[in-house]
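Contents: one structure, followed by commentary.
Residue numbers start from 1 in every chain, and the chains themselves are labelled A, B, ... in the order their sequence lines are given, proteins ahead of strands.
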Amino acid sequence: MMDSNDTPVDVRLSLRVNGQMRQLDVPPNVVLLDALRDRLGLTGTKKGCDHGQCGACTVLVNGEAINSCLALAVVHDGDDITTVEGLAGEADLSPLQAAFLEHDAYQCGYCTPGQLMSATELLSNRKVGTTDAEVAEAMSGNICRCGAYKNILSAIQETRQQHAGAAID
Amino acid sequence: MRQFEYKRAENTRGAVHAHAGQASAYLAGGTTLIDLVKLDIMQPERLVDVNRLDLADIEHSDGGTLKIGAMVRNTTLAYDQTVQTDYSVLSEALLQGASRQLRNRATTGGNVMQRVRCSYFRDGVSPCNKREPGSGCSAIDGHNREVFAVLGTSEHCIAVHPSDMCVAMAAIGATVHLASADSERAVDFLDFHRLPGDTPHIEHDLKDDELITHITLDAPIKGAGSTYIKLRDRSSYQFALASCAAIVALDGDTIREARIALGGVGTKPWRCKQAEAALQGASATDESFKQAAQIAMEGATPYKHNAFKIPLARKAIVRALRDAAERARRSAGEPT
């Protein structure tokens, strides 16, 4: 809908963000990334290229990793969103976050939230195989300019193996 | 990003109605559209969101065909059991396209409709006949390496069609189903995309008052082996320099039927029917495959920076045919 000045009116939408229902009014041209950062104050999710090429903005929508920079917020009305702020528990880091720390899987840290979100999806994604090559391919939408790929991969591999073991128990 | 009106479509009819007669665009996964709206290359006044349409099923259809809803996501399609079993070339092509995040959002219909990656098209200022008809083509005498074609080019446009999925579909054989408010029609997949000719701004056969509802794949060729080989500057998350979808069915060591389609080298998903005809009845040897590759690239036009694509595509064809034939042999050897 347009108002009398021919400007699109805000759209009301509800998002479940990190387990909490949030309601916001946004113009249609606001992407999910900006809605999370600028309107909900969740600045953990990073804006890198803003064109779906770097993966810094990766969040989970209904459990799937997507580039939040290419997703209009209004399209996700009613969806379940997980950002990096939703990974840690009250007292503990998530196993994956702990593994990133343990394996020194970052330098500057700017890509880390996106890497963590993509990797979090991978923990429960059984379609992607277990070899280093398969995991690296599945993570290729997340660019790390510092080149911490090797340590990112080892952090993911270790956590994924633990996760698979835990799932069998 | 520019302002636009947003309409969420509840059904196909509503979507078509909201789209027709407006400076509007359908919004599916948005992985091309939002990128290009941010760059101000696409300038819709209205976006018609088709994400909630009931077009996300994959089902068997008449005569052994497979009906894929336009809103089926690339990830879903790639891992579908039937696709992995009967159309593994399609699954392979999808999984070599883009990144996992993009595939999770990108749709079947949207993939067919994706725009070219030409840097002159995307920069918003260079002369570009696609973006601004009649302004000229900056790529022909410009930097024309990675995403520029050698087949199907014209003096007005040489941008490659960037899809991997479409190359597999061109090889398999498919039909694009379109709906308008009061009628439906079907277009052969190979006729859906247009050659640039002297109208590079017209990229496909979809009319303003139509929507892609689904794509049907032809019945799989019995006993065939298939593969998708994609050659690129880095081994993941990169557009093809040359790619080949090959399907080969054998009778002993004789080729019963072969399909070849190319990506990274054509201005549309490029099917090589003459090369296929040369293979039919030939023996499945490297010699036959090399001859087919030679035929497939006949008439290719090299540009300053992409001449290497012609021999590269030939090698991709030979390798893909060899691998597809090997898979056909292996599956023939398996107990049924």
Spatial distance of atom [atom1] ([X]) from atom [atom2] ([Y]) [nearest 0.5 Å]:
X: B/I34; Y: A/N29; atom1: CD1; atom2: CG; answer: 9.5 Å
X: B/R100; Y: A/M139; atom1: CZ; atom2: CE; answer: 6.5 Å
X: B/L39; Y: A/H51; atom1: CG; atom2: NE2; answer: 4.5 Å
X: A/S140; Y: B/Q238; atom1: OG; atom2: CD; answer: 10.0 Å

- Message: Within residues 64-96 of chain A, which residues come under 4.5 Å of chain B, heavy atom to heavy atom?
- Response: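 A/E64, A/A65, A/I66, A/N67, A/C69, A/L70, A/L72, A/V74, A/V75, A/H76, A/D77, listed by number.
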- Looking only at heavy atoms, which of residues 105-115 of chain A get nearer than 4.5 Å to chain B?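 Within residues 105-115 of chain A, no residue comes under 4.5 Å of chain B, counting heavy atoms only.
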- Task: Would you mind checking which part of B/F4 comes under 4.5 Å of any heavy atom in chain A, side chain (CB onward), backbone (N, CA, C, O), both or neither?
- Result: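 When you check distances to chain A, atoms from both the backbone and side chain of B/F4 fall under 4.5 Å.
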- Task: Check whether A/T58 gets within reach of chain B through its side chain, its backbone, both or neither, counting any heavy atom under 4.5 Å.
- Result: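 For A/T58, the side chain is the part near chain B, not the backbone.
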- Check side-chain hydrogen bond (donor to acceptor under 3.5 Å, both in side chains) between A/R160 and all other residues, then give those that pass, not counting sequence neighbours. none
- Message: Applying a heavy-atom distance below 4.5 Å, give me the residues of residues 107-124 of chain B that approach chain A, sorted by number.
- Response: B/R117, B/R122
- Item | Option in B/N104, B/T31, B/N51 with maximal non-hydrogen atom pairs under 4.5 Å from chain A |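 Highest number of heavy-atom pairs under 4.5 Å: B/N104.
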- Message: Which one wins on heavy-atom pair count under 4.5 Å against chain A: B/Q96, B/R46, B/Q3?
- Response: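 Most heavy-atom pairs within the cutoff with chain A belong to B/Q3.
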- Against chain B, work out which of A/D50, A/N125, A/V31 has the most heavy-atom pairs shorter than 4.5 Å and name it.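 Greatest number of close heavy-atom pairs with chain B: A/D50.
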- Query: Do A/N142 and B/Y237 pass the side chain to side chain contact (heavy atoms under 4.5 Å, CB included) test, and can you show the C-alpha distance, the side-chain angles, and the key distance before you say yes or no?
  - Reply: CA-CA 10 Å; A/N142 292 83; B/Y237 198 13; over 6 Å; no
- Task: Write down the atom of A/G141, the atom of B/S99, and the distance for their closest heavy-atom approach.
- Result: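 What the structure gives for the nearest pair is CA-CB, 3.4 Å.
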